[in-house]
Q: 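To start, I am sharing the structure in question, which I have written as structure tokens.
Quick note on labels: first sequence line is chain A, next is B, and so on, each numbered from 1. Both backbone and side-chain heavy atoms feed into the values below; hydrogens, waters and symmetry mates do not.
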2 protein chains.
Amino acid sequence: MRLVLARCSVDYAGRLSAHLPLATRLILVKADGSVLVHSDSLSYKPLNWMSPPCTLSEFEPDEDQRAAGVSAVWKVMHTKTADLLLISLHEVLHDSSHELGEDPGLQKDGVEAHLQKLLAEQISLLGDGHRLVRREYMTAIGPVDILATDGTGSTVAVEIKRRGDIDGVEQLTRYLELLNRDPLLAPVSGVFAAQEIKPQARTLAIDRGIRCLTLDYDAMRGVDDPHSRLF
Amino acid sequence: MRLVLARCSVDYAGRLSAHLPLATRLILVKADGSVLVHSDSLSYKPLNWMSPPCTLSEFEPDEDQRAAGVSAVWKVMHTKTADLLLISLHEVLHDSSHELGEDPGLQKDGVEAHLQKLLAEQISLLGDGHRLVRREYMTAIGPVDILATDGTGSTVAVEIKRRGDIDGVEQLTRYLELLNRDPLLAPVSGVFAAQEIKPQARTLAIDRGIRCLTLDYDAMRGVDDPHSRLF
DNA sequence: TGTTATATCTCGAAC
DNA sequence: GTTCGAGGTATAACA
């Protein structure tokens with residue numbers, strides 16, 4: 001990993017064209033050749049970057065560039081696409097390289113898959129008398145998150161999202177349309193379950209006869225394992 | 001901006017729990033207090049991070065931690081949410097701070113807005129005799145990208161995407177449903193225009209009587225301004 | 001300030 | 001390899 005702090009201007013041409021005026025920034029060159037340009041604020045996202053696989057080559061500035069104060073030009077080209085990142089270096093404040101070695105990678109847990117698992121275990125949250133048929137019930141257009149039966153034995157299809165958006169309602173609608181063509185299952189009703197359901201999505205769901213269910217993740221997790229949070 | 005290269009392990013607790021085992025990484029502390037942890041590969045995204053506003057405090061390791069080789073513990077807490085990032089530092093290979101100053105920010109051009117502008121200017125791409133009614137035609141459920149009339153004077157609603165996905169077809173369908181309720185406009189036909197249209201989206205569109213139009217961005221831009229690409 | 005749509009989205013998994 | 005869905009999405013535009 002190479003760290004360069006320098007006054008620089010940057011141009012990118014690829015899926016869009018973008019320009020960074022002259023300013024002091026951090027240029028990060030990783031072992032895989034990828035390049036990130038970061039400013040001193042606005043975390044997370046680099047101002048400009050090039051993803052691997054790519055190659056970096058350094059050029060001497062031409063007459064005009066040297067007159068403008070450019071000490072070196074870096075050309076970073078993507079190997080597959082025609083994306084190009086051009087960095088014009090002026091004063092270099094810092095330049096160091098470091099050997100870091102492989103990274104074991106991030107271990108994460110607890111997202112939509114967890115919600116699905118918890119709701120399958122706590123299926124009565126759908127209402128009294130509900131029973132789980134199966135998770136990830138496969139159809140021609142994809143898996144239904146949860147298939148269950150209600151107190152009367154009728155089939156219920158559940159779509160689970162962390163954030164219930166209009167897209168999720170459309171998705172569930174397509175599933176319901178398909179499932180209701182199966183005489184062995186029909187009539188199938190729908191439940192749209194999410195931690196948070198957007199008003200637009202709720203309106204659309206209700207309009208289509210789909211029931212909305214807000215899930216309390218912390219409460220569901222608390223039932224499952226009261227000490228699962230780190231702190 | 002502070003740059004620290006160190007062997008470290010990292011724990012995050014917030015919307016999910018995540019753990020990074022001991023390895024050598026770059027820790028970047030920005031002027032706004034935000035923190036990024038980067039490995040030497042996989043560009044763009046930090047392994048772990050904390051967004052501003054947040055506060056960083058350093059602690060002495062306790063007995064057990066010191067025995068395990070921990071030289072310092074950084075606790076980064078988000079000011080508003082309860083998100084917490086815990087960095088256990090072992091050997092520190094590099095530690096430097098730098099003054100960067102304000103960044104003028106990125107100037108970008110050419111995305112969906114540009115496509116919309118170009119298609120409005122080159123409305124005949126929709127077919128002979130088409131005329132622009134207006135861009136961003138407002139409705140109760142949002143703006144229709146382009147409203148036009150065809151050779152016979154019938155209304156045409158155009159939805160523009162860079163990548164034509166199923167969502168875009170659903171969106172256009174909702175617009176058409178609404179527009180066709182207006183006796184002054186009906187019948188309104190639909191055109192789904194994108195640089196690239198996914199097969200599923202095309203199938204759905206055709207099934208609903210929506211015409212698909214693939215846009216050649218470079219050609220459209222070439223008509224507009226032949227020397228607008230950087231290289 | 002809250003909500004919606006976009007992104008050089010990134011990233012991973014399923015097909 | 002391509003497609004699809006999720007993300008601690010982030011971030012800009014807009015009401």
Q: Can you find a side chain N or O atom of Lys161(A) that sits less than 4.0 Å from OP1 or OP2 on dG5(D)?
A: no
Q: Which whole-number value in Å describes the distance from Leu106(B) CG to dA13(D) P?
A: 12 Å
Q: Could you tell me how far apart His38(B) (NE2) and dC11(C) (P) are, to the nearest whole angstrom?
A: 10 Å
Q: Report yes if a donor N or O on one partner sits less than 3.5 Å from an acceptor N or O on the other, where the partners are the side chain of Tyr44(B) and the base of dT10(C); otherwise report no.
A: no
Q: Phosphate oxygens OP1/OP2 of dA10(D): is one of them under 4.0 Å from a side-chain N or O of Lys45(B)?
A: no
Q: Figure out the CG/P separation between Asp83(A) and dT10(C), and round it to whole Å.
A: 10 Å
Q: Would you classify Met50(A) as touching base, sugar-phosphate or nothing, given that sugar-phosphate means primed atoms plus P, OP1 and OP2, and contacts are heavy atoms under 4.0 Å?
A: nothing
Q: In whole angstrom, give me the gap between the P atoms of dT10(C) and dA12(D).
A: 16 Å
Q: May I ask you to check whether Tyr137(A) and Asp145(A) show a side-chain donor-acceptor distance below 3.5 Å?
A: no
Q: For dA7(C) versus dA6(D), give the span between their C1' atoms, rounded off to a whole number of Å.
A: 15 Å
Q: Tell me: CG of Leu172(B) to P of dA5(C), nearest whole Å?
A: 14 Å
Q: For DNA chain D, whose closest nucleotide is more 5', that of Lys80(A) or that of Ser43(A)?
A: Lys80(A)
Q: Go nucleotide by nucleotide along DNA chain C from the 5' end; which of Gln171(B) and Leu42(B) gets its closest nucleotide reached first?
A: Gln171(B)
Q: Using whole Å, report how far CD of Gln107(B) lies from C1' of dT11(D).
A: 18 Å
Q: Answer yes or no: does atom CD of Glu58(B) have more than 12 heavy-atom neighbours from other residues, nucleotides or ligands under 6.0 Å?
A: yes
Q: Could you tell me the separation between the CG atom of Asp32(B) and the P atom of dA10(D), rounded to a whole number of Å?
A: 14 Å
Q: Considering only the P atoms, how many Å lie between dG8(D) and dA5(C), rounded to the nearest integer?
A: 22 Å
Q: Among dA6(D), dG8(D), dT10(C), which nucleotide sits nearest the side chain of Trp49(B)?
A: dG8(D)
Q: Let me see the working for Val4(B) and Trp74(B) under side chain to side chain contact (heavy atoms under 4.5 Å, CB included), right down to the final yes or no.
A: CA-CA 12 Å; Val4(B) 176; Trp74(B) 287 7; 3.8 Å; yes
Q: Rounded to the nearest 0.5 Å, what separates atom NZ in Lys30(A) from atom CG in Leu26(B)?
A: 8.0 Å
Q: Ignoring hydrogens and geometry beyond distance, is a side-chain donor-acceptor pair present between Thr24(B) and Arg7(B) at under 3.5 Å?
A: no
Q: Without decimals, in angstroms, what is the distance between His19(B) NE2 and dG8(D) P?
A: 17 Å
Q: Quickly work out the Leu47(A) CG to dA7(C) C1' distance and round it to whole Å.
A: 15 Å
Q: Quantified in whole Å, what is the C1' atom distance between nucleotide dG7(D) and nucleotide dT6(C)?
A: 15 Å
